[in-house]
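Okay, structure first, notes after.
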Protein chains: 2
Amino acid sequence: MARRSDHTREELWWLAIDASRKIVEKEGLRGLRARQIARDIGYTIGTLYNLFEDLDDLTMHMNGETLDQLMEACSKVELTQNPTMDLERLVHCYLSFTHENPKLWNAVFEHKLPEDRPVPEWFSEKVSKLLAIIESALAPILSDRSETEIHQHARVLWMSLFGMTVLEGSGRLQDGETSFMLAKTLIKTYVDGLKNGQDSSVGNGL
Amino acid sequence: MARRSDHTREELWWLAIDASRKIVEKEGLRGLRARQIARDIGYTIGTLYNLFEDLDDLTMHMNGETLDQLMEACSKVELTQNPTMDLERLVHCYLSFTHENPKLWNAVFEHKLPEDRPVPEWFSEKVSKLLAIIESALAPILSDRSETEIHQHARVLWMSLFGMTVLEGSGRLQDGETSFMLAKTLIKTYVDGLKNGQDSSVGNGL
DNA sequence: GCTTGAAATTGAGCGGCGATCAATTTATTT
DNA sequence: AAATAAATTGATCGCCGCTCAATTTCAAGC
């Protein structure tokens, strides 16, 4: 019973992604099953595999959509040229998102492609664009540094925040500890370090 | 052909854990299969399920062993009462370990128990002990701050380092980027920030 | 040494999974 | 109307985690 005109290919694609998001947000990445997705969108497995290469591919796109939504939220933060304030606002936005979509966010880093399979370029690009926001917030205090250096500081901050959300997501924060507090401490101390630190050269060795 | 006296229960337990470690270090957590473990240790699936509740249980114990080994490595770092040196050595030890056992380390946080299943207390304890080492090494740097403050800064740094190892382990660093250089940047900048933080005019001996 | 009960071990089997693909149905083009 | 192309189906494959009745072994009591 092929129903070619029920939905366009793109509509179908989004039906599958949205269904997957709902499943993951409810049951976590473990609960994501091809048969369930197909059932939820009213098609069969075969159609799913006509849309996506496999479950890894589908999961990557689902995670890509999560990154897009985070990007959209972060884009709304107005930058004021005050790095500490800008970063705190950005981080607040970031952490709010991860709190509101814990399982979808978890899925972004929980999911791992097989080793022989490279991360698609379009996915890396989404991450890069998020990083670019942080870089632009940092830029005012790093105007005298190289692009490479700015880039790395942004990545260090990003990875640090990432560590907090990972540990928070797996319930390893202490009582009374929140990623908001931790992130605020990180940002303030790190920005202080950038302002006052002498040449913090970015070696490429070791 | 039950062979009760080939191995004690404990020997068998370690055979299984070691076999699992080998599989994971070679193929990643994805490659961990009950049938393969059983084959590798010369027993059948049934015996494996006599030793462990299920694959989640086995994986938790395998990860526990990884934490123990990291703990052992970090314990060997001699503390010199020179906070900066101790810190650098500890971080180096920590990163060396995660660098030498990338897939085993990755498995520690990649693995997620089903939501209705709490992390065993013995596992949380291993993590806490590891954290305590790192915290104690970081604490002297912050000797002029309140205990709460010391504690939080130590944890912020720990989580940041953690984020880097996570991203490195899952192959999400850029070309030429290593957790060693990222950690160096993080620590230098962060310590600079601690030295020159605006709400603490007391310098220290660094 | 024999019996007996407990523990260890086996492996066929269950249900479910991701993935495949020949066959079928539909839409579009000619 | 026929031919072509695309979408859709679902039976099927091989593998998975896991179960459990049956079997084998060991050790203790006699």
Q | Candidate nucleotides dT20(C), dG10(D), dT19(D), ranked by approach to the side chain of T44(A) - the nearest | A | dG10(D)

Q. Taking only residues two or more places apart in sequence, or in another chain, which ones meet T98(B) in a side-chain hydrogen bond (donor to acceptor under 3.5 Å, both in side chains)?
A. none

Could you list all N or O pairs between the protein and nucleotides 12-16 of chain D that sit under 3.5 Å apart?
| from | atom 1 | to | atom 2 | distance (Å) |
| --- | --- | --- | --- | --- |
| dC16(D) | OP1 | R33(B) | NE | 3.3 |

Q | Nearest-angstrom distance from the residue atom CZ of R30(B) to C1' of dG17(D) | A | 17 Å

Q | With sequence neighbours excluded, residues passing side-chain hydrogen bond (donor to acceptor under 3.5 Å, both in side chains) with E88(A) | A | none

Q: For Q36(B) and dC18(D), give me the distance from atom CD to atom P, rounded to whole Å.
A: 16 Å

Q: Using side-chain contact (heavy atoms from CB on, under 4.5 Å) as the criterion, list what pairs up with I150(B), not counting sequence neighbours.
A: A139(B), L142(B), R145(B)

(Q) Within the 4.0 Å heavy-atom criterion, would you say N50(A) contacts the bases, only the backbone, or no part of the nucleic acid? (A) base

Q | Proximal nucleotide (of dT9(D), dC18(D), dA7(D)) relative to the R9(A) side chain | A | dA7(D)

(Q) Test of understanding: with side-chain hydrogen bond (donor to acceptor under 3.5 Å, both in side chains), list the residues that count as partners of R39(B), not counting sequence neighbours. (A) Q36(B)

(Q) Rounded to whole Å, please give me the gap between CG in D6(B) and C1' in dC26(D). (A) 13 Å

Q) Any Lys/Arg nitrogen of K188(B) or D192(B) sitting under 4.0 Å from an Asp/Glu carboxylate oxygen of the other? A) yes

(Q) From CG of L48(B) over to C1' of dT19(D), roughly how many Å is that when rounded to an integer? (A) 14 Å

**Q.** Atom-pair distance (CG on D54(B); C1' on dC18(D)), nearest Å
**A.** 9 Å

Q: Can you tell me which residue pairs pass the ring-ring contact (aromatic ring centres under 6.0 Å, His included) test with a partner in residues 78-104 of chain A, sequence neighbours excluded?
A: H92(A)-F180(A), Y94(A)-W105(A), Y94(A)-W158(A), H99(A)-F180(A)

Q: Grab the OH-P distance between Y49(B) and dC14(C) for me, whole Å please.
A: 18 Å

**Q.** Side chain of I45(B) (C-beta onward), nearest among dA8(C), dT20(C), dC18(D)
**A.** dC18(D)

(Q) With ring-ring contact (aromatic ring centres under 6.0 Å, His included) as the criterion, how do H153(A) and Y190(A) come out once you've worked through the C-alpha distance, each side chain's angles and the decisive distance to 0.1 Å? (A) CA-CA 9 Å; H153(A) 282 302; Y190(A) 200 90; 5.7 Å; yes

Q: For E10(B), enumerate each residue passing the salt bridge (Lys or Arg N to Asp or Glu O under 4.0 Å) test, keeping only those at least two apart in sequence or located in another chain.
A: none

Q: Sorted by first residue and then second, give each side chain to side chain donor-acceptor pair (under 3.5 Å) pair with at least one member in residues 117-130 of chain B; sequence neighbours left out.
A: D54(B)-R117(B), D68(B)-K126(B)

Q: List in chain and number order the residues that pass side-chain hydrogen bond (donor to acceptor under 3.5 Å, both in side chains) with Q69(B), two or more places apart in sequence or in another chain; answer none if no residue qualifies.
A: R21(B), E65(B)

Q: For DNA chain C, determine which residues of residues 11-28 of chain A have any heavy atom closer than 4.0 angstrom to one of its atoms, and list them numerically.
A: none

Q) To the nearest 10 degrees, how far apart in direction are the end axes of the helix from dG1(C)-dC30(D) to dT30(C)-dA1(D), each fit to five base pairs? A) 10°

Q.
Rounded to whole Å, please give me the gap between OH in Y43(B) and C1' in dT24(D).
A. 13 Å

Q. Atom CG of L51(B) to atom P of dA7(C): distance rounded to whole Å?
A. 15 Å

Q. Any salt bridge between R30(A) and D56(B), counting N to O under 4.0 Å?
A. yes

Q. Among pairs that include at least one residue of residues 97-110 of chain B, which meet salt bridge (Lys or Arg N to Asp or Glu O under 4.0 Å), considering only residues two or more places apart or in two chains?
A. E115(A)-K103(B)

